Amino acid sequence: MKNKTGLSTLCYIEKDGKYLMLHRTVKKNDVNKDKWIGVGGHFEENESPEECLLREVLEETGYTLTSYKYRGIVTFVSGGGVTEYMSLFSADGFEGTPIACDEGELEWVDIEAVWNLNLWEGDKIFFRLMDEDYPFFSLKLVYDGVDGLVSATLNGQPMELVEARDTQGRRILRERGVDLREKARKSAEISQGKLSQI
């Protein structure tokens, strides 16, 4: 397989404590197949990140963004020959009428429930950074060619990864801050009776 490098945007639109999530189920040979991600896509010739963002969000959702924030650059290295340089945005203002997306199903998901979806492990890192209102950042995420996170680097500094278990009980590597958040969230769910202790 020939190595492929691309430039893209990724946006998490927020409304009423929910993110608009895209469940990627349609495209064959999609690096994001069956994952839940934000909306966005690849740059067209001569586009700025903001122009790409506005076009892609309109094409995929029918919405015109009226308020958005450029959060950072994410270097996504799949380990399978695909590297994407993603301009990451969040948005909290939009107008328009929703349309069906030809790349999967769009769904408004409670922000805390997003953590239970089939996400890239590294996406949890930038969700944590966005939740903490971290200033503009550069995040490099390297995977093993499947979907296992191998390394994460924030603003040129390696992030600590710890061994953890995913929802299927498989051993994975997880960023320490995400791991602490996951443990606290699960502990809270157990104490509230929403999750059985395993």
Side-chain angles (χ1 to χ4, degrees), residues 4-76 78 82-141 154-155 178 181 185 194:
K4 180 181 170 187
T5 302
L7 298 172
S8 61
T9 56
L10 182 62
C11 183
Y12 290 90
I13 303 171
E14 184 178 348
K15 178 181 90 169
D16 300 327
K18 297 179 179 184
Y19 280 138
L20 183 59
M21 300 294 293
L22 173 58
H23 190 197
R24 295 288 290 253
T25 57
V26 176
K27 290 183 176 181
K28 291 184 178 182
N29 302 318
D30 182 1
V31 71
N32 291 307
K33 181 79 171 149
D34 295 324
K35 299 282 188 193
W36 290 81
I37 63 172
V39 295
H42 290 95
F43 281 58
E44 291 186 352
E45 189 174 357
N46 300 321
E47 278 187 323
S48 70
E50 294 82 3
E51 290 167 332
C52 178
L53 166 74
L54 294 172
R55 178 185 52 76
E56 284 287 348
V57 168
L58 182 61
E59 288 175 3
E60 291 185 0
T61 68
Y63 296 136
T64 299
L65 296 182
T66 58
S67 175
Y68 56 88
K69 182 177 180 181
Y70 199 167
R71 305 304 294 263
I73 300 286
V74 178
T75 304
F76 171 87
S78 74
V82 175
T83 300
E84 281 287 328
Y85 299 96
M86 298 182 293
S87 292
L88 178 66
F89 291 86
S90 61
D92 59 6
F94 60 91
E95 56 191 21
T97 304
I99 60 171
C101 181
D102 63 1
E103 296 185 11
E105 296 80 39
L106 291 168
E107 185 176 331
W108 289 101
V109 179
D110 182 84
I111 290 174
E112 284 302 314
V114 166
W115 291 75
N116 297 324
L117 300 175
N118 182 19
L119 305 172
W120 289 99
E121 189 62 38
D123 289 10
K124 294 175 183 179
I125 299 172
F126 62 70
F127 278 127
R128 179 178 69 78
L129 296 173
M130 290 192 310
D131 286 350
E132 294 170 3
D133 205 22
Y134 198 90
F136 191 89
F137 57 84
S138 173
L139 178 65
K140 182 176 182 181
L141 303 170
L154 178 63
N155 297 330
V178 168
R181 181 185 168 116
R185 189 177 59 81
K194 294 180 180 177

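Below, all heavy atoms of this structure are taken into account, side chains as well, without hydrogens, waters or symmetry copies. It should be emphasised that the depicted structure is a prediction, and the values quoted were computed from it without experimental measurement.
Atoms CG and CD1, from Leu139 and Ile73 in turn, are 11.0 Å apart once rounded to the nearest 0.5 Å. The distance from the CD1 atom of Ile99 to the CG atom of Leu106 is 8.5 Å, given to the nearest 0.5 Å. Annotation: the span from Ile111 atom CD1 to Met130 atom CE amounts to 8.5 Å, rounded to 0.5 Å. In this structure, Phe89 CZ and Leu54 CG are separated by 8.0 Å, a value rounded to the nearest 0.5 Å. Taking OG of Ser90 as the start and CG of Leu10 as the end, the distance is 11.0 Å to the nearest 0.5 Å. Distance check: Thr9 OG1 to Glu50 CD gives 10.0 Å after rounding to the nearest 0.5 Å.
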Go through it in stages, so that I can follow the logic: the residues are Leu129 and Leu154, the test is side-chain contact (heavy atoms from CB on, under 4.5 Å), and I'd like the CA-CA distance, side-chain angles, deciding distance and then a yes or no.
CA-CA 10 Å; Leu129 296 173; Leu154 178 63; 3.8 Å; yes
Evaluate Glu103 against Glu60 for side-chain contact (heavy atoms from CB on, under 4.5 Å), listing each step before the verdict.
CA-CA 8 Å; Glu103 296 185 11; Glu60 291 185 0; 3.5 Å; yes
Worked check of side-chain contact (heavy atoms from CB on, under 4.5 Å) between Phe126 and Val74
CA-CA 9 Å; Phe126 62 70; Val74 178; 4.1 Å; yes
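In this structure, Val109 and Leu117 have side chains that are in contact, with non-hydrogen atoms separated by less than 4.5 Å. Met21 is listed as a side-chain neighbour of Leu119, based on a closest heavy-atom distance under 4.5 Å. The side-chain heavy atoms of Cys11 and Leu65, taken from C-beta on, include a pair separated by under 4.5 Å. For the pair Trp108 and Ile13, the minimum side-chain heavy-atom distance is below 4.5 Å. Counting only heavy atoms from C-beta outward, the side chains of Arg185 and Glu112 approach each other to under 4.5 Å. Under the 4.5 Å side-chain criterion, counting only non-hydrogen atoms from C-beta, Asp133 is in contact with Arg71. Val57 is not listed as a side-chain neighbour of Tyr68, based on a closest heavy-atom distance of 4.5 Å or more. Contact check for Val178 versus Glu121: side-chain heavy atoms found under the 4.5 Å cut-off.
Remark: Glu59 engages Arg55, Glu56 in a side chain to side chain contact (heavy atoms under 4.5 Å, CB included) (not counting sequence neighbours). For the side chain to side chain contact (heavy atoms under 4.5 Å, CB included) test, residues two or more places apart in sequence or in another chain that qualify with Glu51 are Glu47, Ser48. Scored by the salt bridge (charged side-chain N to carboxylate O under 4.0 Å, His left out) test, Asp110 finds no partners at all (sequence neighbours excluded). Taking the side chain to side chain donor-acceptor pair (under 3.5 Å) definition, one finds that Thr5 meets it with nothing, sequence neighbours left out.
When all heavy atoms are compared, the tightest approach of Leu22 to Cys101 is CD1-SG, 3.9 Å.
Residue Lys124 places its NZ atom among more than 12 non-hydrogen atoms of other residues, nucleotides or ligands, all under 6.0 Å distant.
Legend: salt bridge (charged side-chain N to carboxylate O under 4.0 Å, His left out) pairs involving residues 82-96, not counting sequence neighbours: none detected. Contacts classified as side chain to side chain donor-acceptor pair (under 3.5 Å) and involving residues 10-22 (residues at least two apart or in different chains) are not found.
Between the side chain of Arg181 and the main chain of Arg128, no donor-acceptor pair closer than 3.5 Å is present.
The aromatic rings of Phe94 and Tyr63 lie tilted to each other, with the angle between the two planes from 30° to 60°.
Applying side-chain contact (heavy atoms from CB on, under 4.5 Å) to Leu88 and the options Phe137, Phe136, Tyr70 leaves one that passes, Phe137.
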